[in-house]
Amino acid sequence: MSEMYIHSASSFIGAENTEANFLKEKLSGYTEENFRRVNRFILLTLLGARQCIHNHALDFDTAIYLTTEHGNLGETASVLDEIYTAGSLPKPFGFINTMSNTAAFYLARNLGVRGRNIMVSSQHLSFERGLELMQVDFALGATGNALIGGVDEALLSRTALEKQTNRVFKMVNGSGWLYVKPVKDGACGAISEIRSFSDGHSCIKWLRERGRSNIDVVSFGALIDDDEVAAMKEILPSVAEFDYLCDYGYSGSATACGVSLFIMLFHGKTLLHISRDQRGHFAVIEVERY
Amino acid sequence: MKRRAFITGKAMICSLGDSLKEIVDAVRHKRIRLDRVPFTLASLPYSKPYYLIERNVTDRLHNRSEAYFYEVLFSAVSRAFLDAGLNKTEIKDMNVFFGSTSMDVPVFEGNHRKSSSTVSGTFLKSSYGYGKIAGAIVERFGIGGNCYSFATACTSSANALLYAAAMIEEGLIERALVVGYDLFNNLGFYGFEALKSIAETDYRPFDRTRDGLILGEACGAVILEGKRRKAGDFMHLGGANLCDTYSVTSHDEEGFAVAETMNRALRQAGILPGDICAVKAHATGTENNDRTECAAMRVTFGCEMPPVTCLKPFIGHTVGACGVNELILFTESVKTGFVPSTPGFREVDDKLNLTPLLENMEADEGIFMLNYFGFGGNCTTLIISNKGDRE
């Protein structure tokens with residue numbers, strides 16, 4: 001695995017009804033650029049990422065990996081309404097912003113970087129898949145430094161999530177980011193493992209073989225059920241649990257927020273984050289906080 | 001020796017049909033099929049051209065169902081598996097890389113017609129996210145690998161190809177299914193009209209009289225593997241993706257960011273500009289794209305410009321799906337002995353001074369550059385080859 005050191009982390013979590021103007025005001029603390037014609041998804045992206053790189057000078061070639069479950073939910077719905085309900089052509093910038101990668105564009109422009117600019121999604125494992133893409137680029141030398149984040153607006157409906165889990169979460173807007181380099185000098189942590197499993201048994205087998213050495217904290221994704229949590233805790237006895245979903249709420253990018261919150265809160269610890277998707281695939285991220 | 005990713009199977013469905021032989025034959029003879037679609041919802045008194053898939057009478061444009069959406073998708077995927085000659089174990093072992101601009105918006109628009117809810121209400125209530133379509137593919141075909149859904153506007157499926165190839169080359173996966181799929185949707189059709197980007201009658205990229213793009217719908221699926229299956233299978237030699245931060249809708253007309261993407265792809269492929277036999281241009285036919293792309297090719301190739309072909313006049317601008325679908329159109333044409341000419345081109349634009357291929361160019365082997373650009377400044381270049389000595 002290519003060496004991926006975390007040089008900075010940030011998580012912005014906002015209430016379900018967070019207004020765009022509130023986000024703009026918060027963002028003005030990090031940049032003088034006045035953003036017009038941008039929506040909540042773009043503002044969440046900018047705010048989370050700008051918080052993350054606050055005092056870092058970025059290389060021109062820095063890559064941006066934006067992961068998301070739902071992308072630009074709110075503005076896509078508004079543009080559909082303009083066409084179907086109002087019976088008109090949509091406003092040009094409204095339409096352009098339905099393409100959620102515009103958020104990664106505005107971020108690149110604001111930061112003055114021109115590296116890779118990728119937006120990727122994978123049901124409930126979007127952040128993990130983004131980390132894999134970043135890992136490949138590091139291995140190929142296609143990128144040196146990278147900003148990787150997960151951004152999602154609060155779901156206006158719980159229907160889709162409720163079909164997949166019995167757990168009830170507070171819905172939030174989430175934007176969690178890591179600034180990653182292949183060099184250790186100046187780092188505050190490291191991503192030491194990204195691993196996928198096609199089922200729970202393989203994941204549990206790997207956990208057993210791995211043992212609990214070095215692991216101080218464990219956290220679980222939204223779809224891991226009680227039995228799975230119990231089975232994993234049995235393998236990792238007396239390891240503290242960081243229940244970021246209960247403490248901070250759920251968004252499609254809860255994993256990105258959870259991992260970045262860990263970096264912000266747990267100095268000198270190592271986290272094992274375990275997620276699963278709706279078809280029972282598992283993914284593990286191991287993160288060290290120096 | 002560096003491990004390579006080979007294109008071992010492919011299938012596509014577009015306005016030219018759903019058999020590769022039929023599609024390549026149409027390209028060889030410059031046959032195109034263009035419909036016109038009215039802007040009924042906005043009560044506008046005109047229509048615009050669109051390259052529509054024609055499958056059967058019951059699935060007319062405004063009578064399409066969710067079942068139709070998945071029937072087109074699964075048909076392309078299953079035929080790509082067949083083309084590669086994959087067995088059940090190999091299919092199970094597959095990883096899915098999906099690229100699209102509209103994702104499942106056509107499904108919501110279709111379902112809305114049968115519901116009392118507003119289309120935005122339907123969308124917000126039942127959105128399972130961008131990963132839904134790739135999820136449906138793995139469920140339908142019993143695929144056990146990972147899913148990656150790319151949403152980078154018109155470079156979406158080109159980026160899906162780039163990363164699928166990279167993961168195979170790095171030895172992280174054995175094989176990948178890469179799908180580019182965009183079906184007609186009013187969000188895109190009305191949106192591009194709002195931008196005044198849609199041409200009036202026909203597609204003329206790089207032409208002095210070009211007046212915009214014409215949208216098309218297509219579903220293309222390719223199989224990438226670490227080993228060549230058949231003689232003549234194309235391989236991925238290299239690629240690059242960069243962000244041009246000039247503007248959210250257009251690229252820097254000097255072409256430097258686009259040229260840098262091309263140059264990085266060449267460097268990653270380990271070749272020089274002079275090794276390129278032909279370029280498949282992105283060539284949307286819009287004023288800015290064609291000017292930028294032309295400038296970038298001049299920066300990259302200087303006065304040694306290779307032959308340039310534009311494929312959108314055959315199947316339309318299939319937005320996020322164009323990465324995979326234009327790759328299929330191009331490689332299948334070369335496999336049958338030619339690089340396609342560009343239909344519709346009539347008059348050289350003095351500001352561009354570029355004439356794309358006007359007649360099919362004989363070629364059955366070579367190294368080729370494929371360019372793709374999109375909203376959000378996204379630039380992607382792929383370098384492919386079917387020369388045996390490049391393995």
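Since we're looking at a predicted model, the values are computed, not measured. Letters A, B, ... mirror the listed sequences (proteins, then strands); counts begin at 1.
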Report the option among [options] that has the most heavy-atom pairs separated by less than 4.5 Å from atoms of chain B.
| options | value |
| --- | --- |
| A:Ile64, A:Ile118, A:Asp199, A:Val79 | A:Ile118 |
| A:Gly141, A:Ser122, A:Ala86 | A:Ser122 |
| A:Asn97, A:Leu140, A:Asn110 | A:Leu140 |
| A:Thr102, A:Leu133, A:Val113 | A:Leu133 |

Would you check if the side chain of [X] reaches a backbone N or O of [Y] as a donor-acceptor pair within less than 3.5 Å?
| X | Y | value |
| --- | --- | --- |
| B:Glu193 | A:Leu89 | no |
| A:Arg37 | A:Phe93 | no |
| A:Asn101 | A:Ala104 | no |

Give, as side chain, backbone, both or neither, the part of [X] having an atom under 4.5 angstrom from any heavy atom of chain A.
| X | answer |
| --- | --- |
| B:Gln268 | side chain |
| B:Asp244 | both |
| B:Ser197 | neither |
| B:Asn241 | both |
| B:Thr152 | both |

Notebook entry, point to check: For A:Glu132, which residues count as a salt bridge (charged side-chain N to carboxylate O under 4.0 Å, His left out) partner, sequence neighbours excluded?
Noted result: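 So A:Glu132 forms a salt bridge (charged side-chain N to carboxylate O under 4.0 Å, His left out) with A:Arg129.
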Note to self: For A:Phe95 and B:Phe192, I'd like to know if the aromatic rings sit close, meaning centre-to-centre distance below 6.0 Å.
What the structure shows: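 Yes, close enough.
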Next item on the list: Would you mind telling me which of B:Asn185, B:Asn186, B:Thr155 has the largest number of heavy-atom pairs within less than 4.5 Å of chain A?
Entry: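 Winner by heavy-atom pair count: B:Asn186.
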With a cut-off of 3.5 Å and sequence neighbours excluded, list every side-chain donor-acceptor pair involving residues 162-173 of chain B.
residue	atom	partner	partner atom	Å
B:Tyr163	OH	A:Arg116	NH1	3.2
B:Tyr163	OH	A:Asp137	OD2	2.4
B:Glu169	OE2	B:His236	ND1	2.8

Check: Taking only heavy atoms into account, what residues of residues 132-140 of chain B are found under 4.5 Å from chain A?
Finding: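 Near chain A, by residue number: B:Lys132, B:Gly135, B:Val138.
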Check: Within a reach of under 6.0 Å around NZ of B:Lys92, are more than 12 heavy atoms found that belong to other residues, nucleotides or ligands?
Finding: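 Counting neighbours around NZ of B:Lys92, 12 or fewer heavy atoms of other residues, nucleotides or ligands fall under 6.0 Å, so no.
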Notebook entry, point to check: Taking atom types as modelled, is there a side-chain donor on B:Thr292 or B:Tyr246 under 3.5 Å from an acceptor on the other?
Noted result: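 Note: B:Thr292 and B:Tyr246 side chains miss the donor-acceptor criterion.
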Notebook entry, point to check: B:Phe150 vs B:Phe97 aromatic rings, parallel, tilted or perpendicular, using cut-offs 30° and 60°?
Noted result: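 Geometry flag for B:Phe97 against B:Phe150: parallel rings.
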Check: Any salt bridge (Lys or Arg N to Asp or Glu O under 4.0 Å) pairs touching residues 93-112 of chain A, not counting sequence neighbours?
Finding: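 The answer is A:Glu33-A:Arg109.
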